[in-house]
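Encoded as structure tokens, the structure appears first; notes follow it.
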Amino acid sequence: MYCNIFVLLIIISLSSGEDYYELLGIKRDANDKEIRKAFKKLAVTLHPDKNTNDPEAHNKFVKLTTAYEILKDSETRKKYDIYGEEGLSNGYKAKQYQSWSYYQNQFGIYDDDPQVETLNRHDYNEKVLKSESIWFINFYSPMCSHCHHLAPVWRQVAKELEGVVRIGAVNCEDDWHLCRQINIRSYPTLLYYSRHSTHGVLYTAENTRENIISYVLSRLDVRALPISTSLGKRIIQGLEATEGASLLFICGINRDCFTTEDHLKIAAILNNMVTVRVLRCSDDECDDTIPHDIGVAFQHNNKNMPSDPIFFEDIDDVQILARKVLEQLPEPQDLSEEDFLGIRTRLRSDLNAGWLICFYIGHATQLDVQLKKLPGIIQSINLGKVNCGKYSNLCKGLNVNHYPVWGVLKPGGAFELHHGKDSVHDIASFATESIRATNVHMLSVDEILSIMNNKKDSEAWLVDWFAPWCPPCIRFLPELRKASLHFEPSVVHFGTVDCTVHSTICRQFNIRSYPTAMLVNNSNTNLFSGDKIAASLVEFITEMQNPTVIKLTTDDFHLKLGKKTVDEIWLVDYFAPWCGPCQQLAPQWTLVAKTLQVLPLVHVASVNCELEPSLCSSQGVRSYPTIRLYPTGSKGLNRVALYNGARDSLSILSWVTEFLPVNVKNLNLDNFDDMILQRKEAWLVDFFAPWCHHCIELQPHYNIAAQILEGKVRFAKVNCENYRLLCRKASVRAYPTVMLYFPGQKYSNEYDGSQINTASASKIVRDVETLLSTASRSKRDEL
Ligand SMILES: *[C@@H]1O[C@H](CO)[C@@H](O)[C@H](O)[C@H]1NC(C)=O
């Protein structure tokens, strides 16, 4: 299947460095396999080992490796596509690379095998886990010789099992995150995933073709049914009413009826569409109905019209036979314009099963025969097709501009077109997800205009502007659908705009990069600038509904911040909506506000300097974003602290929480005994190491908890790098460890404390309060 590639000019902001796609000589919509192939090809010619005379060879190669490392990971690629090199956090640099022979011989073993799907961690979560398909996956390392020995066998298995199960490969050198996450301990590791499973089962038998194939076949959930010769003959003659079509293997003298393993394979390939039956004819028992040398027959069992059986001759390959059978299966039903509109009207009023519809021109029979498997994969979805040659107005109204293309009509009446790959599995998962996401609409011109011009009274819309050729756009669509499931249509609707179709409108609303998502709510439009994943989008919309960040206008600014009391802290982000770093800060800022919400004395706010230019200039704001803190101990705007650190929530929180009024005491060997063990008050002690990341993450939460528990518990910390003995005495085994020491209690070991759960500030508070109340109760009981 082909789709036209639209050549469009698009402004993509790139910093001065060379374009990574150009470096690798690939198109912007190249898939992972194409990226790897292009890199490998360049790597073996440009490697410094092969260019010893070129003093620049090393630098050139590092650039190439960097481009590859960025583009091969869909997360970093997404960032790169949107923000360019600048968007990659902390100036991503690849300094190391492999030897020449690595790229020559060991780089991605299965890139040239069409039947083996090379998976990365995103594919793994989306395609493998809980999927409709059965997977058998080879986790390997190109550095391991056993993996290379297995390769020819694995390729053979993939060919033989094509369509039976899906065969995958994960290069653990490339995707060590994934391999570590699922605990791969040796190479190669083969894991089998049955349908809908959440984890793989380890294959432990010998790695031979025979063993692997029989292992897979023994685990399939399909059968080839043995039947009596009389029943078989009746089915072939169309005299027996069976459920659906039948494929019969007829075994007997002079008949080649394939092997038992083949029967299972084909039953799996044709699962849910064709029943596979096996009859065994002795002597010439079957010859009266079935020609004496025929081993395979097919019966449509079309109930309205008795049909003649089809006999397959001279086929000895399962894959060819499967293809021939698929060719016999019916096309999706033809829908006229009237049918289509009728279905849509019915779907608007009652929640029937949705429809997956193919829009085509020319002969529908030219569609890829693999697509005939769709009814077997998505059984609860209706299938239809529309001839756009005949109903061109309908197709045009639905934004269909290349053929064939698939779309869904959802319960409720929404319509959406499929973008991305046209493989049977991709279309099937599109259909399933899209039909579930009944609140995602492909918008028409009229709808776009009325949403953007706020004519849809009091309806909030999340609008996603995209181009089908942009890979981050295609990856964002399923995330949008996932996010939509979290909201009722009465709260927010979701709409998509294909800017290759609506280029004028996209220009009119100044859409400069794809995808651009915005929440349009009455007269307010807010750009979504977080990571393009469902969770961030849900958070963004939730924040818009119930803002934790106070939006300051000029009036508010003087009324609220200008009248700040000595007990308050105000934290303000001065930003401009068009500035890239401001957009990246926004979701982090929300997180900061959310975390600090538990402290009434802290107010987190933002000022949009585009809307309030005089306010920002009166405050001397010269660059965006500017982060300022107005501390306790002074009124109004008298004192201000400036923030210059990294703009992630953790760094900001660590800075802010240092300004909180209740201090966390630093303890050492000398004062520990005095402070803690005299125990006039309850003490909480954080035993940490400066290099431990979890300790750094805990620090702001710990400081926040200290404010909340003021007057009940004193807070302290011990740097275990400096006071090892102290930490050992206190039985600290991991960092961070937070211990509560009660006042006036006797322990066998003086350093016995109760360990506290440190998941968040509120968790610390809850845990401490529970322990304190239990302790005071038991003390009362003693008296
Ligand atoms: C839309 O705005 C209204 C008030 O104007 C607000 O109550 C509602 O929560 C907003 N909806 C979203 C999804 O932001």
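The structure presented is a predicted model; accordingly, all values stated were derived computationally and were not measured.
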If the plane angle is over 60° it's perpendicular, under 30° parallel, otherwise tilted; pick one for [X] and [Y].
X      : Y      : value
Trp465 : Phe509 : tilted
Tyr68  : Phe39  : parallel
Phe430 : His418 : tilted
Phe540 : Phe528 : tilted

Do any N or O atoms from the side chain of [X] and from the backbone of [Y] form a donor-acceptor pair under 3.5 angstrom?
X      : Y      : answer
Lys130 : His196 : no
Ser503 : Thr500 : no
Ser218 : Ser214 : yes
Arg195 : Glu132 : yes
Glu416 : Gly407 : no
Asp113 : Trp154 : no
Lys385 : Pro332 : yes
Asn382 : Trp355 : no
Asn387 : Gly389 : yes

Side-chain ion pair, Lys390 and Glu337, N-O less than 4.0 Å:
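Result for this pair is no, no salt bridge flagged.
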Before you tell me yes or no, could you show the steps for Lys265 and Leu217 under side chain to side chain contact (heavy atoms under 4.5 Å, CB included), namely the whole-Å CA-CA distance, both residues' side-chain angles and the distance that decides it to 0.1 Å?
CA-CA 7 Å; Lys265 286 182 202 164; Leu217 294 181; 3.8 Å; yes
Are any non-hydrogen side-chain atoms of [X] and [Y] less than 4.5 angstrom apart?
X      : Y      : result
Asp464 : Phe476 : yes
Leu398 : Leu417 : no
Asp368 : Asp422 : no
Ser336 : Tyr391 : yes
Val216 : Val157 : no
Ile377 : Val424 : yes
Ser246 : Val274 : no
Asp123 : Val128 : no

Pair Lys72, Glu69 - check salt bridge (charged side-chain N to carboxylate O under 4.0 Å, His left out), show working.
CA-CA 5 Å; Lys72 79 166 204 229; Glu69 293 285 331; 3.3 Å; yes
Side chain to side chain contact (heavy atoms under 4.5 Å, CB included) with Phe466: which of Leu480, Thr516, Val497, Thr496?
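The passing option is Thr496.
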Between Leu71 and Leu24, is a side chain to side chain contact (heavy atoms under 4.5 Å, CB included) present by the stated rule, with each step listed?
CA-CA 10 Å; Leu71 296 187; Leu24 289 169; 3.8 Å; yes
What pair of heavy atoms forms the shortest contact from [X] to [Y], and how long is it?
X      : Y      : answer
Leu119 : Ile137 : CD1-CD1, 3.7 Å
Pro468 : Ile474 : O-CD1, 3.4 Å
Gln328 : His300 : O-CE1, 2.9 Å
Arg344 : Gly413 : NE-O, 2.9 Å
Lys421 : Ile427 : O-CG1, 4.4 Å
Phe494 : Phe487 : CZ-CD1, 3.9 Å

Determine whether Glu479 and Lys482 satisfy the following criterion, salt bridge (charged side-chain N to carboxylate O under 4.0 Å, His left out), listing intermediate values before the conclusion.
CA-CA 5 Å; Glu479 299 294 324; Lys482 244 185 263 170; 3.5 Å; yes
Aromatic contact, His419 with Trp406 (centres under 6.0 Å):
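Here the rings of Trp406 and His419 have centres that are no less than 6.0 Å from each other.
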Tyr192 and Tyr203 aromatic centres sub-6.0 Å
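No; Tyr203 has its ring centre 6.0 Å or more from that of Tyr192.
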